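Read the numbers this way: they start at 1 and go in the same order the structure lists the ligands and their atoms. None of the values given here were measured: they were computed from a predicted structure.
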Amino acid sequence: MSIDTLRLAPDDAGLDRAVALLAAGGCVAFPTETVYGLGADAKQDDAVARIYAAKGRPAHNPLIVHVPDVAAAADLADLTDAARALAAAFWPGPLTMVLPLRRGAGLSRLVTAGLDSVALRVPAAPVAQDLLRRCGLPLAAPSANPSGRISPTTADHVLAGLSGRIAAVIDGGPCAVGVESTILDLTGPPRLLRPGGITAEALSRVLDAPVTSAPVTDDTAPVAPGMLASHYAPRARVRLDAEMTGPDEVLLGFGPVAGAALNLSPSGDLSEAAAGLFAALHRLDTDGAVAIAVSPIPDTGLGRAINDRLRRAAAPRDGDPSGPSGPSGRS
Ligand code: TXA
Ligand code: MG
């Protein structure tokens, strides 16, 4: 069934409309500083089920719950000392912490996919903050893209993937960070589940301890269940660390390289590259690129999050080692 997806302005009228849609159990996409999230009331089973249905997301993959501040986070999870220190340093901001779920938190079991932990994030983007405070609900919100595809960093990206399947998108312009939040598991010794907007170096400084990375997982043994090898996939084939392009390839450049179709940052700035990464992949897809060759990107700081997303974009897709355009590619 197709519904008429509204594009809402991030003003009083738009946000009030969004709050009404969310209270009624609808899905509303909204901008955060990382990527657009597809929000729904994390306490309503029906609302959360609509997120999974709209995205075509496997039900074993739990969602991040967004709250306006640390106090709201403490209603839902047990905040360890490490969690409080990290919250003081990085919230609001692009850090998600996986924490022990509080008894009686009232979250839908679908949000946590039945786990006894919950992933919490306090986003910094003003529109996200405004929405969370107005609606007074914890919002479950995965990235607002069809499952397995590139995350959206504009309202147009959201509509291109989910129009007709969600109630509305709040158009707050492009996202500043451009890659998803860093996910840190704090249910045991701190473990990095996904590199993202906050670097591992910055986390270690606050924790005064090294942060280990979770082993890369396959589809059958997810650590962060969403960290499947193939993810963030454009339709085009992707090849990394390219010094030159093959006959059917376009070059996605980084740094001062010649002949790039698009350049993530001609000056070699990792923040600029992260902010434009998904928009560049969306654009090359829309332009019909068959294969994308990507310049080498340094694997430090934000470069680790960028390379993580690119490796997943380049990974063989389910049952289709030749790439996503074959018959069994994700869509
Ligand atoms: O920047 C972001 O984090 C964006 C914006 C919208 O906030 N959200 C986002 O959500 O990237 P999503 O669903 O695309 O990624 C959430 C990841 C998934 O890999 C999921 O498996 C993992 O978080 N996750 C959620 N709950 C978890 C839990 N209890 N334990 C381990 N991993 C969890
Ligand atoms: Mg996602």
Side chain or backbone, does Tyr36 bring an N or O within less than 3.5 Å of an N or O on ligand 1? no
Evaluate side chain to side chain contact (heavy atoms under 4.5 Å, CB included) for Thr112 paired with Ser117, printing each intermediate quantity in order. CA-CA 7 Å; Thr112 53; Ser117 60; over 6 Å; no
Looking at Leu76, Asp78, Leu79, which hits side-chain contact (heavy atoms from CB on, under 4.5 Å) with Leu99? Leu79
Kindly say whether Gly172 contributes a backbone atom to a donor-acceptor pair with the side chain of Tyr36 at under 3.5 angstrom? yes
Let's go through Asp308 and Arg304 carefully: what are the C-alpha distance in whole Å and the side-chain angles of both, what is the deciding distance for salt bridge (Lys or Arg N to Asp or Glu O under 4.0 Å) to 0.1 Å, and is it a yes or a no? CA-CA 6 Å; Asp308 171 79; Arg304 260 189 243 150; over 6 Å; no
Quick one: does Thr112 get within less than 4.0 Å of ligand 1, heavy atoms only? no
Just let me know how Asp185 lines up against ligand 1, side chain, backbone, both or neither, with a heavy-atom cut-off below 4.0 Å. neither
Select the closest option to atom 15 (O) of ligand 1 among His60, Arg191, Arg194, judged by heavy-atom distance. Arg194
Compute the shortest N/O to N/O distance between Lys55 and ligand 1 and return yes if it is under 3.5 Å, no if not. no
Candidate with minimal heavy-atom separation from atom 2 (C) of ligand 1, of Ser147, Gly114, Ser181: Ser181
Show your working on salt bridge (Lys or Arg N to Asp or Glu O under 4.0 Å) between Arg103 and Asp116 and close with a plain yes or no. CA-CA 9 Å; Arg103 279 168 173 276; Asp116 52 15; over 6 Å; no
Parallel, tilted or perpendicular: which one describes the rings of Phe30 and His66, with boundaries at 30° and 60°? perpendicular
Backbone or side chain, does any N or O of Ser117 fall under 3.5 Å from an N or O of ligand 1? yes
Val70 versus Trp91: any side-chain heavy-atom pair under 4.5 Å? yes
Which is closest to atom 17 (C) of ligand 1 in terms of heavy atoms, Leu38, Ile183, Asn61, Leu193? Ile183
Of Pro62, Gly178, Pro31, Ala77, which has the heavy atom at the shortest distance from atom 33 (C) of ligand 1? Pro62
N, O or S of Ser147 under 2.8 Å from the Mg ion (ligand 2): no
Of the side chain and backbone of Arg57, name the one, both, or neither that has a heavy atom under 4.0 Å from an atom of ligand 1. side chain
Would you mind reporting whether Lys55 and Pro142 have side-chain heavy atoms less than 4.5 Å apart? yes
Hey, does Thr34 come in under 3.5 Å of ligand 1, counting only N/O atoms on both sides? yes
